[in-house]
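Notes follow the structure.
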Amino acid sequence: MEITLKEILPPAYREHRAILHFNIHTLEDIEGVVEAGYELDLPVIVACTPRVLNTLGGRSIVGVYRSLADYCSTPVVLHLDHTTELRDIWRAISSGFTSVMIDGSRLPYEENVQLTRTVVEVARAAGISVEGEIGAVPGKEDDLKDYSKDLTDPDMAYSFVLETEVDALAVSIGSAHGFYKELPKLDFERLGSINKKVNIPLVLHGGTGIPVSDIKKAISLGIAKVNIGTELLALVTETYREVSRLDCDALEIVDAGKRRLKERVKELLLEIER
Ligand code: 13P
């Protein structure tokens, strides 16, 4: 079933549950994620970055998504992750994505509000959902020692939500994208204060490598969407490498990648979402 974040996240948020977001990098990854959700009877969010959108093409991604989501009874969102350019948002909306994230977190506050508001207006007209970000979740390229200045300020989060009317809000509470060199220390106190102020579903980025107990605590404090990417890309890449050393053809290599990804997605769904 095709669905948006604005239909799926509010009930999860009220019930202190979270829906998992999985970053895909191939068309076969989409099948792996959707089949995993279907087999466990759990909703899933299939997500890709603009780089993946522009490499695989919106029509191909949406074609595979629709052919699977329309066929199965479990809810599946197709979400464009971390977008900074409006042209990628328009491309995703016109291709048939059901959700987009506009990431103005590196911009000055007013510019972030303006950009996000523009996307919300168009997305509303198209009937799809929008995730925004305030504070900035560091990426692999950032100096992780110096990210405390980018943590989300609860008052700023409150006014951002009021001014933009986003459906979900990504917050920076100590997680980072990519593999962690040391276990991250999530700022639960800050998360609790943000949650009290904004009262809308919150999103935890940088899910790879965060202990399940910490993810669960974050869910109890308002996180209703947990994003997982790096570990899945690493798993599929490693599987391709491993299997291509054997006497396998391209079909077998691609199929092995999909099966491993599906198994791992199922494990994560059972550990966190169920
Ligand atoms: P990881 O790649 O660290 O799992 O984070 C994924 C993410 O937050 C995508 O938005």
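Order of listing sets the numbers, starting from 1, for every ligand and every atom in it. These numbers were taken from a predicted model, which means no experiment stands behind them.
M101 contributes atom CE, which lies 12.5 Å from atom OG of S129 (distance to the nearest 0.5 angstrom).
Every atom of ligand 1 is numbered from 1 in the order shown, and the set under 4.0 Å from a heavy atom of I228 is 4 (O). Listed by number with element, the atoms of ligand 1 under 4.0 angstrom from any heavy atom of G206 are 1 (P), 3 (O), 5 (O), 6 (C), 7 (C), 8 (O). Every atom of ligand 1 with a heavy atom of T230 under 4.0 Å away is listed here by number and element: 1 (P), 2 (O), 3 (O), 4 (O). For ligand 1 and H82, the ligand atoms under 4.0 Å from any heavy atom of the residue are 10 (O).
Contact check on R106 versus D150 returns a salt bridge, with a Lys/Arg side-chain nitrogen under 4.0 Å from an Asp/Glu carboxylate oxygen. Using a cut-off of 4.0 Å between Lys/Arg side-chain N and Asp/Glu carboxylate O, R260 and E238 are scored as not salt-bridged.
Taking Ile, Leu, Val, Met, Phe, Trp and Tyr as members and joining any whose side-chain heavy atoms lie under 4.5 Å apart, directly or through other members, the hydrophobic cluster of M1 also contains I3, L5, I8, L9, I19, I45, V77.
Among K225, M101, H177, the residue whose heavy atom sits closest to atom 7 (C) of ligand 1 is H177. Closest to atom 4 (O) of ligand 1 by heavy atom, among L232, T208, V226, V203, is T208.
Under a 4.0 Å heavy-atom criterion, A176 is in contact with ligand 1.
Proximity of E231 to ligand 1, defined as any heavy-atom pair under 4.0 Å, is not found for any part of the residue. When heavy-atom distances to ligand 1 are checked against a 4.0 Å cut-off, V137 has no atom that comes that close, whether in backbone or side chain.
Here V120 pairs with T116, R117, R124, V130, V166 under the side-chain contact (heavy atoms from CB on, under 4.5 Å) rule; sequence neighbours left out.
Within the 3.5 Å criterion, the main-chain N or O of I134 finds no donor-acceptor partner in the side chain of Y109. Formation of a donor-acceptor pair under 3.5 Å by the T83 side chain with backbone atoms of D81 is found in this model.
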